[in-house]
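Computed from a predicted model, the values in this text were never measured in an experiment.
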Amino acid sequence: MNYTVRFTPAAAKDLQHLFDFLAERDLKAAKRARSAIAKGIEFLRTFPFSCRKVSPEHPLLRELIISFGANGYVALFEIEDNRTVTVLAVRHQREEDFF
């Protein structure tokens, strides 16, 4: 089964912020990071339940770890129903928590 992946406005803003931040320093790295994030998000179309739960109280709220070099990114998402996954936020692994 394939899921539709959608982004909240805040998650879309996160992605733009991450790209802009890295592009100011290294445009090629920013493009590679964008590609890595896109590949990670593509994984959610098929296997959202394989990602770790954020907490036992919220079994459908999960985190996707996206590798990129020595670090990476973390996407917070919710499995809405049997067809939809919503990305709520995307952070660099060194950033503060989502909340």
Side-chain angles (χ1 to χ4, degrees):
M1 169 180 288
N2 283 336
Y3 289 78
T4 298
V5 177
R6 58 188 198 102
F7 293 82
T8 63
K13 186 176 177 180
D14 290 343
L15 290 171
Q16 188 63 52
H17 168 76
L18 291 169
F19 180 82
D20 291 346
F21 178 83
L22 193 52
E24 289 177 9
R25 289 147 185 79
D26 186 342
L27 182 58
K28 288 182 181 180
K31 289 178 180 179
R32 287 192 316 271
R34 181 173 53 193
S35 177
I37 292 169
K39 285 181 184 177
I41 297 300
E42 186 64 30
F43 178 81
L44 295 179
R45 293 188 191 286
T46 309
F47 303 110
F49 284 98
S50 66
C51 298
R52 74 177 175 196
K53 296 175 189 174
V54 172
S55 72
E57 296 83 24
H58 304 285
L60 299 179
L61 188 62
R62 294 172 180 245
E63 291 180 324
L64 169 67
I65 307 301
I66 303 166
S67 296
F68 182 70
N71 296 299
Y73 299 93
V74 180
L76 178 69
F77 69 94
E78 184 172 16
I79 301 166
E80 298 284 340
D81 55 38
N82 63 354
R83 294 185 179 168
T84 310
V85 171
T86 301
V87 178
L88 305 171
V90 183
R91 300 282 189 270
H92 188 273
Q93 285 180 325
R94 292 187 179 183
E95 285 186 80
E96 293 289 319
D97 203 0
F98 295 110
F99 305 106

Quiz item: Counting only N and O atoms by type, is there a donor-acceptor contact under 3.5 Å from the side chain of R45 to the main-chain atoms of I41?
Solution: no
Rounded to the nearest 0.5 Å, what separation is found between the [atom1] atom of [X] and the [atom2] atom of [Y]?
| X | Y | atom1 | atom2 | answer |
| --- | --- | --- | --- | --- |
| K31 | L27 | NZ | CG | 4.5 Å |
| F68 | L22 | CZ | CG | 6.0 Å |
| R6 | L88 | CZ | CG | 8.5 Å |
| K13 | D20 | NZ | CG | 11.5 Å |
| L15 | R34 | CG | CZ | 10.5 Å |
| L44 | S50 | CG | OG | 8.0 Å |

Practice problem: Just do the side-chain contact (heavy atoms from CB on, under 4.5 Å) check on L64 and V87 with the steps written out, would you? | Solution: CA-CA 10 Å; L64 169 67; V87 178; over 6 Å; no
Quiz prompt | R52 atom CZ, over 12 foreign heavy atoms within 6.0 Å | solution = no
Quiz item: Are side-chain heavy atoms of L76 and R91 found at a separation under 4.5 Å?
Solution: no
Exercise. State, yes or no, whether a side-chain contact exists between T4 and R83 at a heavy-atom distance under 4.5 Å.
Key: no
Looking only at heavy atoms, what is the nearest atom pair of [X] and [Y], with distance?
| X | Y | answer |
| --- | --- | --- |
| F7 | A12 | CB-N, 4.4 Å |
| F49 | R62 | O-NH1, 2.8 Å |
| Y3 | T84 | CD2-N, 3.7 Å |
| Q93 | Y73 | CG-N, 3.9 Å |
| A36 | I66 | O-CG2, 3.4 Å |
| A11 | A89 | CB-N, 3.8 Å |

Quiz prompt | Salt bridge E42-K39, side-chain N to carboxylate O under 4.0 Å | solution = no
